[in-house]
Amino acid sequence: MRDFTFYAPTEIMFGSHAEERAGSAIQKYGGTRVLVLYGGKSAAKSGLLARVEKSLLDAGLSVKLLGGVQPNPTLSFARQGIQTAREMGADFVLAIGGGSVIDTAKAVAIGAANPRTDIWDYWLGKESVTRALPVGCVLTLSAAGSETSDSAVLTDDSRKDKRGLNTPFNRPRFALMNPELTFTLSPKQIACGVTDILMHTLDRYFTPMQGNELTDALAEALMRTVIHYGPMAVQNPADYQAQSELMWAGSLSHNNLTGLGAEKEFAIHQLGHELSGRFGVAHGESLSAMWKAWALYVYKEDPARFARYACNVWRLETMTDIDTAAREGIETTVRFFSSLGMPVSLPQLMGRPLTFEELHELADRCSRGGTRTLSKLKPLAKEDILRIYAAANQ
Ligand code: NZQ
Ligand code: ZN
């Protein structure tokens with residue numbers, strides 16, 4: 001096997017009423033003054049916010065609520081959160097929501113613990129994180145996997161620059177995961193989540209660093225599970241079995257269990273981040289729109305790997321040759337996204353083809369002005385990235 005380090009310290013409390021354990025969980029991790037972050041209306045409307053607040057107050061904690069996190073969360077809102085955390089002397093940050101709220105909580109936790117450093121310097125890679133306040137979360141959307149990941153993705157809204165920061169300090173102390181909290185999601189939000197969960201494993205699975213067979217088998221089982229239960233949840237958001245399988249898959253897909261020993265790839269995510277940074281589209285949609293163009297551009301580097309994916313994940317076992325199997329696996333994935341109502345090209349995503357100038361701007365941003373390449377499977381320089389965006393624009 002390949003060597004690896006695996007660090008996934010988040011305590012998971014999974015099942016009905018999990019959110020009611022918020023107060024005791026924060027006490028357990030030493031919190032006393034808690035800043036609670038949430039998004040727009042969903043958590044207040046469902047009564048979840050009130051239930052969690054009660055749990056915190058019953059535990060004798062002092063609490064301040066701060067709502068308003070937007071999807072594709074912004075640096076400017078994170079700065080507001082940091083200010084609030086400092087004013088109240090917060091020693092714990094609790095997120096109630098999906099990836100956007102949890103990522104904002106991670107940013108606030110880093111910013112509040114490092115008052116002398118401009119928060120964005122961490123995202124630009126100019127500074128390394130050495131401390132952060134503890135974060136916990138009540139998950140309401142199975143998608144980003146932020147509840148267990150070491151990542152936090154923010155957009156500098158003044159520059160439309162979307163970036164991720166990976167550090168062990170981003171791992172939440174605990175995640176309270178009650179699948180019933182996802183019953184209020186719209187079919188579109190669920191479909192975006194299904195896409196993101198699949199993509200976290202796809203972006204790890206297609207790597208030149210192979211040889212950890214159990215990891216591959218776990219990845220394939222996870223993807224089969226998501227493909228099986230995803231459409232059921234989209235069809236019936238109150239299907240507990242489907243939503244609980246997705247919720248657990250979302251955490252395992254992004255805590256790195258399905259990528260041990262492999263170098264980080266995440267090319268599709270990087271291509272997608274430019275789209276949501278620039279145009280504000282939902283994260284899951286940005287990924288489904290880029291999958292086909294990326295996969296067709298790189299699969300010849302390792303067609304056997306793509307054929308294995310077709311066979312073990314999609315059970316396409318009757319193909320005569322490797323190339324056909326590889327292409328069929330890619331196309332079947334595209335049909336799956338389409339069946340969920342997800343866009344599978346840039347014109348479908350945007351409602352129009354992008355202009356020549358927009359494609360060049362995206363490639364320039366994604367390659368950081370031509371200074372970085374994406375991926376190890378097939379290194380993608382600025383010109384490659386431009387060709388992939390152009391292919392997705394057909
Ligand atoms: O704001 P509210 O009213 O709560 O509505 C939200 C939001 O509009 C709604 N929602 C969430 N839970 C709900 C609900 N509506 C009804 N019922 C519920 N139970 O869903 C909308 C989208 O929420 P958001 O948090 O933006 O979605 P998601 O979890 O997909 O997170 C996306 C963000 O996470 C980043 C993405 O780039 C994007 O910014 N990612 C974070 C990662 C990480 N930290 O590890 C990894 C991912 O690859 C991803 O990049
Ligand atoms: Zn993602």
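All values below come from the heavy atoms of this structure, side chains included, with hydrogens, waters and symmetry mates left out. Each ligand, and each atom within it, is numbered from 1 in the order the structure gives.
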Side chains of [X] and [Y]: do they bring a donor and an acceptor to under 3.5 Å?
X      : Y      : result
Arg171 : Tyr7   : no
Gln83  : Glu87  : yes
Asp156 : Ser158 : yes
Glu147 : Ser251 : yes
His273 : Arg365 : no

So with a 6.0 Å cut-off around NZ of Lys160, is the heavy-atom count from everything else above 12?
no
Could you list the residues that satisfy side-chain hydrogen bond (donor to acceptor under 3.5 Å, both in side chains) with Glu220, not counting sequence neighbours?
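Expected list: Tyr205, Arg308, Asn312.
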Provide the tally of protein N/O/S atoms nearer than 2.8 Å to the Zn ion (ligand 2).
4
Not counting sequence neighbours, which residues clear ring pair (Phe, Tyr, Trp, His ring centres under 6.0 Å) with Phe306? List them please.
Phe206
Side chain to side chain, His17 and Glu180, heavy atoms closer than 4.5 Å:
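Result no, sub-4.5 Å side-chain heavy-atom pair not found.
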List, for ligand 1, each N/O atom that has a protein N/O partner under 3.5 Å away, with both atom names and the distance.
unit_1   : atom_1 : unit_2 : atom_2 : d
ligand 1 : 1 (O)  : Gly40  : N      : 2.6
ligand 1 : 3 (O)  : Gly40  : N      : 3.4
ligand 1 : 3 (O)  : Lys41  : N      : 2.8
ligand 1 : 3 (O)  : Ser42  : N      : 2.9
ligand 1 : 4 (O)  : Ser42  : OG     : 2.6
ligand 1 : 12 (N) : Thr140 : O      : 3.4
ligand 1 : 12 (N) : Thr140 : OG1    : 2.8
ligand 1 : 17 (N) : Thr184 : OG1    : 2.7
ligand 1 : 19 (N) : Thr140 : O      : 3.0
ligand 1 : 19 (N) : Leu181 : O      : 2.9
ligand 1 : 19 (N) : Thr184 : OG1    : 3.3
ligand 1 : 20 (O) : Gln189 : NE2    : 3.2
ligand 1 : 25 (O) : Gly99  : N      : 3.2
ligand 1 : 25 (O) : Ser100 : N      : 3.0
ligand 1 : 25 (O) : Ser100 : OG     : 3.4
ligand 1 : 26 (O) : Ser100 : OG     : 2.5
ligand 1 : 29 (O) : Gly99  : N      : 2.7
ligand 1 : 31 (O) : Gly99  : N      : 3.4
ligand 1 : 37 (O) : Lys162 : NZ     : 2.8
ligand 1 : 39 (O) : Lys162 : NZ     : 3.4
ligand 1 : 44 (N) : Asp103 : OD1    : 2.7
ligand 1 : 44 (N) : Asp103 : OD2    : 3.1
ligand 1 : 44 (N) : Ser146 : OG     : 3.2
ligand 1 : 44 (N) : Ser151 : O      : 2.9
ligand 1 : 45 (O) : Ser149 : OG     : 2.6
ligand 1 : 45 (O) : His254 : NE2    : 3.2
ligand 1 : 48 (O) : His200 : NE2    : 2.7
ligand 1 : 48 (O) : His269 : NE2    : 2.9
ligand 1 : 48 (O) : His283 : NE2    : 3.1
ligand 1 : 50 (O) : His283 : NE2    : 3.3

